[in-house]
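Sharing a structure here in C-alpha cells format.
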Amino acid sequence: MARRMMSDEVQERIKQLILRRRLAPGDPLPTEGELTRRFGVSRNSVREALKALQAVNIVDIRHGFGTYVGSLSLDPFVEGVVFRAAVRHRHGEASLAELLEVREALEAGLIGSVAGRMPAPDLAALRELVEEMEREATDEDRVTAGTDRAFHLALYRSLGNHLLSEVLDAFWAALHRVRAELREDRQDPGVTCARHRAILAALEEGDAAGAVAAMRDHFAGIRAVLSAGGPGGEQDREALESPRGSQFEHVTLYPSLDVT
C-alpha cells in the first residue's frame, strides 16, 4: 500500500512539473536520475510512476532516447470503454445500447448548431466523403470505417472545439470497436450512403431541424441493425428495440448557436 501511495505521489509531482514548465506533447522531461534527486525518492518509485503515466498517454518513454510528454490522447479511455462494453454485453447487459445513446446524444445535440453556419470548405469535404462512400458501396459493397469516421469528424470541425472532436471520435471508435469485436457490424452500404447524404442535404439547405431528423434517422438505422442479431446481450436488444434511443431528443449541446 505504501509503495502504491508513493507511486501515486510521484505521478502527481510529475504532472505538476509538466504544468509548471508549460510543457507540450513531445517536449522532453528530466531524466529518471534528475527526477529521483528532485523528488527525493527511489529510482524504482520514479520508474513505476512513469510507467503508470505512460499507460494513460501522459508521458512517452522512448528507450535509449529519454522520456517525453505524451500525446495526451483519449486512447486509454477508448480501450476502457471497449472492454467494459464487451464484458457487459457478454453478461446480457445493454452496453451497446448505452454507447449508441451517448453517441446519438452528442451528435444529434450538435448537428442543428452547425446547420446554416458550416463553412463552404467543410461542406465540400462532406460532399467528397459521401461520394467516396458511394464509390466504396459500388466497388466494394461496403462503406469503410475510415470514411465514416472522417464524415462524422468533419461535421463539427467548424465549432473549433478540439476536446469535443476528441470525445466524439473516442465514442465513434469505441462503438465501432465493440461492434467489430462482437461481429455486429452489418449494415446495407446503400442505406448507409443514403442516410449520410440526407444529413449532408439538410446541412446544405441550412435546415437545422432537418439535420437533427436526419441524424436521428441515421442512429435509428444503426439501432435496428444492432437489435436484429448477434449472440448474447438480451438487454441490449430490448433497449435497442425500445424508445430509449430518443430519450435525449431535446438535448442541445450548443444552445447559444441554436437556429430558430
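The residues of the chain are indexed from 1 along the displayed sequence. Note that these values count all heavy atoms, side chains included, but never hydrogens, waters or copies made by symmetry.
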Exercise for the section: Using the test side-chain contact (heavy atoms from CB on, under 4.5 Å), find all partners of Thr67 that sit at least two apart in sequence or belong to another chain. Expected result: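 For Thr67, the residues satisfying side-chain contact (heavy atoms from CB on, under 4.5 Å) (neighbours in sequence not counted) are Leu29, Leu50, Val59, Ile61.
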Practice task
Provide the full list of ring-ring contact (aromatic ring centres under 6.0 Å, His included) pairs with a residue in residues 47-88, sequence neighbours left out, each pair given once.
Solution key: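 Qualifying pairs: Phe77-Phe171.
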Practice task
Applying side chain to side chain contact (heavy atoms under 4.5 Å, CB included) between His218 and each of His152, Glu107, Glu104, report the one that passes.
Solution key: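 The residue from His152, Glu107, Glu104 that satisfies side chain to side chain contact (heavy atoms under 4.5 Å, CB included) with His218 turns out to be His152.
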Practice task
Give the minimum heavy-atom separation between Pro30 and Leu17, together with the two atoms involved.
Solution key: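 Looks like CD-CD2, 4.0 Å.
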Practice task
Please write out which residues are connected to Val191 in a hydrophobic cluster, directly or through intermediates, given that two of Ile, Leu, Val, Met, Phe, Trp, Tyr count as joined at side-chain heavy-atom separations below 4.5 angstrom.
Solution key: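 Cluster partners of Val191: none, it stands alone.
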Practice task
Evaluate whether atom CZ of Arg22 has more than 12 neighbouring non-hydrogen atoms of other residues, nucleotides or ligands under 6.0 angstrom away.
Solution key: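 Count not over threshold, so no.
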Exercise for the section: Under the side-chain hydrogen bond (donor to acceptor under 3.5 Å, both in side chains) rule, collect the residues that match up with Arg43, sequence neighbours excluded. Expected result: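 So Arg43 forms a side-chain hydrogen bond (donor to acceptor under 3.5 Å, both in side chains) with Glu32.
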Problem - Main-chain N/O of Val114 paired to Tyr156 side chain as donor or acceptor, under 3.5 Å - result: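 It does not hold such a pair.
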Handout entry: Partners passing side-chain hydrogen bond (donor to acceptor under 3.5 Å, both in side chains) against Arg149 (at least two apart in sequence or in another chain)
Key =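 Arg149: side-chain hydrogen bond (donor to acceptor under 3.5 Å, both in side chains) contacts with Asp169.
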Exercise for the section: Check side-chain contact (heavy atoms from CB on, under 4.5 Å) between Glu136 and all other residues, then give those that pass, not counting sequence neighbours. Expected result: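 Applying side-chain contact (heavy atoms from CB on, under 4.5 Å) to Glu136 gives Glu132, Glu140, Val143, Thr144, Thr147.
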Problem - Residue pairs fulfilling ring-ring contact (aromatic ring centres under 6.0 Å, His included) with at least one residue in residues 31-50, sequence neighbours excluded - result: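 The answer is none; no pair qualifies.
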Exercise for the section: With sequence neighbours left out, write down each residue that passes side-chain hydrogen bond (donor to acceptor under 3.5 Å, both in side chains) with Lys15, or none if nothing qualifies. Expected result: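 By the side-chain hydrogen bond (donor to acceptor under 3.5 Å, both in side chains) rule, Lys15 matches Glu12.
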Practice task
Kindly write out the residues that satisfy side-chain contact (heavy atoms from CB on, under 4.5 Å) with Leu123, not counting sequence neighbours, or none if the list is empty.
Solution key: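 Checked Leu123 against side-chain contact (heavy atoms from CB on, under 4.5 Å); matches are Met118, Arg127, Leu200, Leu203, Glu204.
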Problem - More than 12 heavy atoms from other groups under 6.0 Å of CD on Glu205 - result: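 No, CD of Glu205 has 12 or fewer neighbouring heavy atoms, counting only those of other groups under 6.0 Å.
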Handout entry: Sequence neighbours excluded - salt bridge (charged side-chain N to carboxylate O under 4.0 Å, His left out) pairs with any residue from residues 159-168
Key =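 For residues 159-168: none.
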Problem - For Arg20, side-chain hydrogen bond (donor to acceptor under 3.5 Å, both in side chains) partners two or more places apart - result: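 By the side-chain hydrogen bond (donor to acceptor under 3.5 Å, both in side chains) rule, Arg20 matches no residue at all.
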Problem - Partner residues of Pro121 under the side-chain contact (heavy atoms from CB on, under 4.5 Å) criterion, sequence neighbours left out - result: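 With neighbours one apart ignored, the set is Pro119.
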